[in-house]
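Computed from heavy atoms alone, side chains included, the values below leave out hydrogens, waters and symmetry copies. To find a chain, count down the sequence lines: A is the first, B the second, and so on, and within it residues start at 1.
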There are 2 protein chains.
Amino acid sequence: MSEEVDAGVTGERAGKRVRADAQRNTDALLSAAAEVFATSGVDAPVRQITAKAGVGAGTLYRHFPQRSDLIAAVFRHEVDACADAAPALAAQHEPLEALVKWLQRFTGFIGTKHGLSAALHSGDPAYSSLPAYFQQRFVPVLRALLDRAAEAGEVRSDVDPYDLLRATANLTLPAREDDGHTQRMVALLIDGLRFGAGGTVSGPGAG
Amino acid sequence: MSEEVDAGVTGERAGKRVRADAQRNTDALLSAAAEVFATSGVDAPVRQITAKAGVGAGTLYRHFPQRSDLIAAVFRHEVDACADAAPALAAQHEPLEALVKWLQRFTGFIGTKHGLSAALHSGDPAYSSLPAYFQQRFVPVLRALLDRAAEAGEVRSDVDPYDLLRATANLTLPAREDDGHTQRMVALLIDGLRFGAGGTVSGPGAG
DNA sequence: GACGATACGGAACAACGTTCCGCTTAGCAA
DNA sequence: TTGCTAAGCGGAACGTTGTTCCGTATCGTC
């Protein structure tokens with residue numbers, strides 16, 4: 001799932017040995033960047049990251065020539081964690097409930113990524129690999145949840161998972177403080193999914 | 001509708017006479033900013049605007065101490081134009097159709113404002129006046145459309161206009177190219193509105 | 001035409017992303 | 001252990017940005 005994307009970032013390529021200090025600094029940078037991104041967003045000053053990691057600017061640019069490389073590396077495991085949560089939810093809950101709960105989990109994940117949306121849509125080709133990874137991890141997960149709910153007759157079957165993924169992310173990312181707006185609007189989207197579904201129609205309120 | 005927001009930006013305050021060169025430069029800056037914003041987004045370098053306007057940096061900061069002042073002044077008439085389109089739509093179309101058509105008009109307006117979303121949600125208090133103006137112009141307009149459609153039994157009545165406004169804008173702004181995603185997702189939102197409404201339930205597809 | 005108030009322009013400053021290069025250090029061989 | 005070499009390191013330095021400041025130019029009036 002991450003054969004090409006990984007190479008050149010973590011430095012654990014097959015044919016080359018990595019010097020110990022290089023690996024150490026890479027890890028320190030990833031750790032520091034994760035903290036700084038969560039605190040100040042992905043647009044945080046580079047020097048803030050290098051200072052926290054205790055390395056020079058040159059070191060950062062050696063390991064992550066593109067800023068997107070650093071961002072991608074930091075977020076990849078969070079993406080994986082969110083995607084991997086879906087099977088458990090599907091096993092524990094009814095189809096619609098599992099779908100709703102995973103979307104809530106997804107909004108929780110996206111909600112901490114301030115500034116990421118702007119970066120993704122900045123038009124800078126350096127960020128082009130990020131949406132691809134998001135997509136290839138999340139689309140199958142959401143498709144499975146949607147299909148299961150559709151087979152149960154609880155949601156309609158004509159909605160593209162990628163559409164719903166983008167829409168949910170777009171609704172979530174711009175929120176600064178959690179005033180319930182995101183949850184209400186995602187619930188509204190889910191009601192839209194249920195509208196006209198084959199199953200029983202009970203009433204609004206998906207969450 | 002714009003008593004407080006206007007003062008101090010256009011320079012046409014009541015008690016003070018404005019020097020001719022000051023007014024000339026204000027107009028030149030507004031005109032230049034409008035062009036630059038449309039071309040390079042609202043994050044365009046300040047010097048690009050001052051150069052096009054043929055003024056110094058000091059002149060810009062004198063007339064627009066906050067960057068948001070300039071942005072607000074440039075976009076205000078576009079906001080007004082969009083808001084003012086609602087009554088005509090309401091007069092020409094059925095309640096639900098008028099609501100849908102105005103939301104489409106609204107997405108068209110928002111769709112050209114690349115970078116504005118990031119600015120609005122950057123957390124910088126300097127931009128706090130912009131959402132206020134958007135809100136005070138658009139919320140009453142959308143509320144009227146929603147109320148009319150709700151009275152006709154075509155949509156539910158428990159949706160806050162401001163919520164719907166933000167959601168639609170959030171769905172629209174991040175789009176780089178128009179692949180129909182925004183229209184599909186706004187249609188899904190509208191289906192969510194129709195879900196559980198008092199009137200007849202016909203089937204999905206609001207557009 | 002002269003005067004005071006107002007506004008102008010661009011140099012100057014601070015903070016940023018990014019590059020570059022002399023120095024350090026890890027890894028290996030003897 | 002010692003010495004060698006290539007890889008890697010740190011931070012100074014550069015260009016670009018937003019923003020401020022102040023000597024100078026201009027406007028409006030007498």
Measure [atom1]/[X] against [atom2]/[N] and give the value in whole Å, please.
| X | N | atom1 | atom2 | result |
| --- | --- | --- | --- | --- |
| A:L60 | C:dC16 | CG | P | 15 Å |
| A:L29 | D:dG8 | CG | P | 14 Å |
| B:Q66 | D:dT20 | CD | C1' | 14 Å |
| A:R67 | C:dG17 | CZ | C1' | 9 Å |
| B:F64 | D:dT19 | CZ | P | 14 Å |
| B:L70 | D:dT19 | CG | P | 11 Å |

#### Entry: Note, B:F37 side chain near B:I49 side chain (heavy atom, < 4.5 Å)
yes
Quick one: which protein N/O atoms are closer than 3.5 Å to N/O atoms of nucleotides 3-5 of chain D? Pair and distance per line, please.
none

With respect to the phosphate group of [N], does any side-chain polar atom (N or O) of [X] fall under 4.0 Å of OP1 or OP2?
| X | N | answer |
| --- | --- | --- |
| A:H63 | D:dG8 | no |
| B:N25 | C:dA7 | no |
| B:Y61 | D:dT20 | no |
| B:T59 | C:dG9 | yes |

#### Entry: Any donor-acceptor N/O pair under 3.5 Å between D:dG18 base and B:R47 side chain
yes
Mark yes or no for whether [X], through its side chain, and [Y], through its backbone, hold a donor-acceptor pair below 3.5 Å.
| X | Y | result |
| --- | --- | --- |
| B:E154 | B:L96 | yes |
| B:T107 | B:Q104 | yes |
| B:R67 | B:V42 | yes |
| A:T59 | A:V55 | no |

### Query
A:F138 and A:F106: ring-ring contact (aromatic ring centres under 6.0 Å, His included), yes or no, with the steps?
CA-CA 9 Å; A:F138 283 142; A:F106 179 70; 5.1 Å; yes
### Message
Give me the atom names and distance for the closest heavy-atom approach of A:A83 to A:R137.
### Response
CB-NH2, 3.6 Å
### Query
Are B:W102 and B:F109 close enough that their ring centers fall under 6.0 Å?
no
### Query
Partners of B:D27 by salt bridge (Lys or Arg N to Asp or Glu O under 4.0 Å), sequence neighbours excluded?
none
#### Entry: Residues which pass salt bridge (Lys or Arg N to Asp or Glu O under 4.0 Å) with B:D160, listed by chain and number, not counting sequence neighbours
none
### Query
Taking protein heavy atoms under 4.0 Å as touching, what does nucleotides 21-30 of chain C look like 5' to 3' if B marks base contact, S marks sugar-phosphate-only contact and - marks none?
----BSS---
### Query
Do B:D69 and B:Y61 meet the criterion of a side-chain donor-acceptor pair at a distance under 3.5 Å?
no
### Task
Quick one: label A:A22 by what it contacts on the DNA or RNA (base, sugar-phosphate, nothing), any heavy atom closer than 4.0 Å.
sugar-phosphate
### Summary
Under a 4.0 Å heavy-atom cutoff, the residues of residues 48-55 of chain B touching DNA chain D are none
### Query
Sequence neighbours excluded, which residues qualify as side-chain contact (heavy atoms from CB on, under 4.5 Å) partners of A:E35?
A:S31, A:K52
